[in-house]
Amino acid sequence: MKEFRTSRIFAKDGKAVIMACDHAGFMGPVQGLGDPGALLDKAADAGVDAILTTMGIARRYSDKFGNMGLMLRVDGGSSMRSPVMGDLHRIFSVEDALRLGADAVVCMGMIGFPEEPSSLKNVVELVSQAAPWEMPVMAEMLVKGKDGAPVTIEDIGFAMRIGVELGADIIKTSYASPAEEYAGALKTCYRPVVVLGGEKAKSERDLLTSVADALKAGAKGVAIGRNVWQHKDPGGVAKALVRLVHEGISVDEALKEIKI
């Protein structure tokens with residue numbers, strides 16, 4: 001059953017384009033997420049493999065997912081307006097996800113942040129809850145650099161390995177160049193890794209080049225949000241990512257899918 005659910009996320013080539021639409025659960029109204037239904041239609045048309053989203057969107061727009069897999073964010077506990085972030089909590093259960101027909105559950109793992117203890121506890125407990133149901137768990141492993149220094153590939157590799165050791169089936173994390181060194185970090189992580197988009201990219205070329213480099217290093221796909229749905233042509237960016245990930249086209253060819 002777990003293999004069936006992961007096959008709803010990863011295509012036959014073992015790679016995935018995941019659109020992350022879970023931001024409004026923390027940030028409230030967000031530019032680009034004003035009409036989730038229209039965005040999901042564009043994602044489906046572009047060939048996106050799966051959607052990472054919230055309980056609210058999953059319930060309201062269940063008819064929009066079609067062949068796209070559903071990955072449900074199940075942790076949280078505060079909004080960006082809270083004066084104190086506090087601990088992260090599991091706010092939904094595996095059973096909640098199953099009732100929605102979800103193909104995976106997702107939570108944070110925040111290495112080096114004040115939320116580290118609570119987030120790692122969530123990963124462990126979610127893996128334990130998910131096991132009897134054979135529900136895949138994706139851990140979004142974020143990491144701070146040592147002593148306030150910029151995040152290194154070594155830091156990212158450290159976070160990846162913590163996530164898989166705690167039982168996560170999929171790791172979502174950031175990419176850092178050069179690709180050759182990132183490939184070394186991926187070799188220490190024995191589960192598939194999808195790279196996140198992070199802050200808004202300086203240009204479409206920068207975004208696609210970063211994705212192409214991550215794929216070259218051995219990443220199994222992407223889980224990108226704002227760099228898709230805050231673009232003037234979200235459907236085009238999604239299609240560019242799909243072709244880059246699944247067809248292996250060049251960055252120059254992928255750029256032709258984006259109308260700007």
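Numbers for residues simply follow the sequence, beginning at 1.
- Salt-bridge formation is detected for the pair Asp252/Arg205: a Lys NZ or Arg NE/NH1/NH2 atom is positioned less than 4.0 Å from an Asp or Glu carboxylate oxygen.
- Pairing each heavy atom of Leu126 with each of Cys107, the nearest pair is CD2-SG, 3.8 Å.
- For Asn67, the CG atom counts as loosely surrounded, since its 6.0 Å shell holds 12 or fewer non-hydrogen atoms of other residues, nucleotides or ligands.
- Shown here is Phe158, whose CZ atom has no more than 12 heavy atoms of other residues, nucleotides or ligands within 6.0 Å.
- Lys121 NZ: 12 or fewer foreign heavy atoms inside a 6.0 Å radius.
- There is a path of hydrophobic side-chain contacts, each under 4.5 Å, that joins Met55 to Val74.
- In this model, a donor atom of one side chain and an acceptor atom of the other lie less than 3.5 Å apart for Ser93 and Asp96.
- A side-chain donor-acceptor contact under 3.5 Å links Asn227 to the backbone of Ala201.
- Taking 4.5 Å as the limit, every side-chain heavy atom of Ile162 sits out of range of all side-chain heavy atoms of Glu165.
- The environment of CD in Gln230 is crowded: more than 12 heavy-atom neighbours from other residues, nucleotides or ligands sit within 6.0 Å.
- In this structure, Lys172 pairs ionically with Glu140, as a charged nitrogen and a carboxylate oxygen lie closer than 4.0 Å.
- Nearest approach of Ala97 to Val105, heavy atoms of both residues: CB-CG1, 3.5 Å.
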